[in-house]
2 protein chains.
Amino acid sequence: MRLLIARCRVDYAGRLAAVLPEAVRLILIKADGSVCVHADDRAYKPLNWMNPPCTLREEAGPAGERILRVDSPRGEGLTITVSEVLHDSSHDLGVEPGSTKDGVEAELQRLLAEQPEVLGAGLRLIRREHPTAIGPVDLLLRDAVGVVAVEVKRHAGIDGVEQLTRYLELLNRDPILAPVRGVLAAQQVRPQARTLAGERGIACIVVDYAALRDADEPGDRLF
Amino acid sequence: MRLLIARCRVDYAGRLAAVLPEAVRLILIKADGSVCVHADDRAYKPLNWMNPPCTLREEAGPAGERILRVDSPRGEGLTITVSEVLHDSSHDLGVEPGSTKDGVEAELQRLLAEQPEVLGAGLRLIRREHPTAIGPVDLLLRDAVGVVAVEVKRHAGIDGVEQLTRYLELLNRDPILAPVRGVLAAQQVRPQARTLAGERGIACIVVDYAALRDADEPGDRLF
DNA sequence: CCGTAAATGTCGTCG
DNA sequence: CGACGACGTTTACGG
């Protein structure tokens with residue numbers, strides 16, 4: 001990994017065209033050839049970048065300035081014109097062991113599958129990830145009245161309502177299942193989603209992740 | 001901006017839980033307090049990060065190791081346990097002038113507003129960003145037959161069709177405008193979106209950004 | 001400050 | 001390899 005702090009101008013041409021006027025920035029050149037240009041704010045997003053695979057060439061400009069030219073086989077090009085180098089160092093980082101992540105949405109679905117009564121009294125699980133032609137329904141439940149299709153989301157927006165609506169349309173064409181009711185279960189439901197769901201007779205249920213997890217493994221709260 | 005190359009372990013607890021086992025990584029501490037941890041690959045995405053606003057504290061661990069503790073008011077926490085520092089430097093980058101981008105959706109909308117006939121013979125512009133209760137319609141056009149609502153996207157997916165469908169439902173409730181036809185104009189239309197649009201009588205038009213720009217400023221192609 | 005839509009989104013997964 | 005959906009999406013913009 002090479003770290004460059006330099007006064008530079010940056011030109012990107014590819015999926016769009018972007019220009020960064022001259023200023024001091026961090027230029028990060030990674031072992032896989034990828035390059036990104038960072039300002040002194042916004043942790044996550046670089047000002048400009050080039051994803052691997054790409055090739056890096058270093059040239060001398062007409063006025064003696066250094067030009068870094070990064071090209072990708074996709075026809076994208078990033079040109080960094082360096083007028084002043086304030087820092088330049090290289091480092092060997094070795095292998096990255098990778099991270100282990102404990103996802104929330106999958107966990108939420110698992111917990112709701114084990115505690116379906118949270119979504120309504122008398123509800124029992126038929127199956128998780130019920131397959132349909134247009135994709136799997138997160139949870140399929142039933143009670144004395146009939147079948148319920150559940151869409152599980154961490155943050156439910158309009159797209160979640162639309163998704164569930166498409167599933168319900170399809171499921172309700174099956175005379176054995178119909179009528180199927182819809183439930184949108186999420187940690188947070190956006191107002192627009194709540195309104196649209198209301199118009200379509202879909203219930204919105206806000207679920208408490210911590211409470212579900214505590215109910216699943218009561219011992220955890222002791223630590 | 002502070003650059004740290006260090007052997008470290010990273011723990012994130014917040015919207016999910018993630019652990020990075022000990023390895024050598026780049027730790028980037030920016031002027032706005034944000035922190036991100038990068039491996040030697042993947043230009044764009046940090047292994048772990050904390051967005052502003054957040055606060056950074058530096059502590060000494062039980063075995064004398066340095067611990068960077070980053071906390072956000074949203075209840076997220078990032079803990080970096082440093083066992084060995086290989087590089088440590090700070091740099092003043094000054095102000096970032098910001099970038100100018102060309103070729104984003106707004107640009108596409110502007111060009112289509114100036115050349116509506118691209119979307120259909122005889123079409124003329126009524127207005128851009130036509131306001132409705134559920135948000136602005138990108139373009140409202142008319143021809144001899146009636147009114148056309150246009151949703152402009154760079155890449156049109158199902159959500160674009162849904163968005164336009166909502167607008168059409170609303171516009172068609174207005175007896176003065178109705179009947180309003182729908183057009184989805186995009187540089188790329190996903191198959192699923194094309195199918196759904198077809199079912200709903202919405203036309204999909206693939207637009208050529210370069211051609212639109214050339215027609216807008218013919219001189220450009222000479223350079 | 002909240003809500004909404006765009007993004008050079010990026011990243012995994014599955015057909 | 002392409003389509004599709006999730007993401008600790010992040011980021012910008014408007015009420």
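What you are looking at is a predicted structure, and each value in this text was computed from that prediction instead of being measured. In what follows, chains carry the letters A, B, and so on, assigned in the order in which the sequence lines appear, proteins first and then strands, with residues in each chain numbered from 1.
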Counting any heavy atom closer than 4.0 Å, what does [X] reach on the DNA or RNA strands: base, sugar-phosphate only, or nothing?
X: A:Asp159; result: nothing
X: A:Tyr12; result: base
X: B:Gln192; result: sugar-phosphate

### Task
Take atom P in C:dC11 and the same atom in D:dT11, then report the distance between them in whole Å.
15 Å
### Query
Taking atom P in both C:dT4 and C:dT8, what distance in whole Å separates the two?
22 Å
So, is [X] close to the [N] phosphate, meaning a side-chain N or O under 4.0 Å from OP1 or OP2?
X: B:Lys101; N: D:dA12; value: no
X: A:Asn51; N: C:dT10; value: yes
X: A:Arg15; N: C:dA6; value: no
X: A:Arg190; N: C:dA5; value: no
X: B:Lys45; N: D:dG8; value: yes

Nearest of [options] to any side-chain atom of [X]?
X: B:Tyr44; options: C:dT10, C:dG3, C:dA5; result: C:dT10
X: B:Pro191; options: C:dG3, D:dG8, D:dA3; result: D:dA3
X: B:Lys153; options: C:dC11, D:dG8, C:dA6; result: C:dA6

### Query
Hey, is A:Glu162 close enough to B:Arg166 for a salt bridge, meaning N to O under 4.0 Å?
yes
Within this structure, what is the [atom1]-to-[atom2] distance between [X] and [N], rounded to whole angstrom?
X: A:Glu151; N: D:dG5; atom1: CD; atom2: P; result: 11 Å
X: B:Arg74; N: C:dC1; atom1: CZ; atom2: C1'; result: 14 Å
X: B:Asp138; N: C:dT4; atom1: CG; atom2: P; result: 17 Å
X: A:Lys30; N: C:dT10; atom1: NZ; atom2: C1'; result: 13 Å
X: B:Glu96; N: D:dT11; atom1: CD; atom2: P; result: 14 Å
X: B:Arg128; N: D:dG14; atom1: CZ; atom2: C1'; result: 16 Å
X: B:Leu108; N: C:dA7; atom1: CG; atom2: C1'; result: 14 Å
X: B:Glu162; N: C:dA6; atom1: CD; atom2: P; result: 14 Å

Please tell me if the side chains of [X] and [Y] come closer than 4.5 Å, counting only heavy atoms from C-beta onward.
X: A:His38; Y: B:His38; result: yes
X: A:Leu28; Y: A:Met1; result: yes
X: B:Met50; Y: B:Asp71; result: no
X: A:Arg74; Y: A:Asn51; result: yes

### Message
Judged by each residue's nearest nucleotide on DNA chain C, which is more toward the 5′ side, B:Gly135 or A:Trp49?
### Response
B:Gly135
### Summary
By nearest-nucleotide position on DNA chain C, the 5'-leaning member of A:Ala193 and A:Glu76 is A:Ala193
### Task
Identify the nucleotide, in any strand shown, that forms a Watson-Crick or G-U wobble pair with D:dA12, with both distances under 3.5 Å; if there is none, say none.
C:dT4
### salt bridge (Lys or Arg N to Asp or Glu O under 4.0 Å) evaluation trace for A:Glu96 with A:Lys30
CA-CA 13 Å; A:Glu96 170 58 46; A:Lys30 295 192 173 184; over 6 Å; no
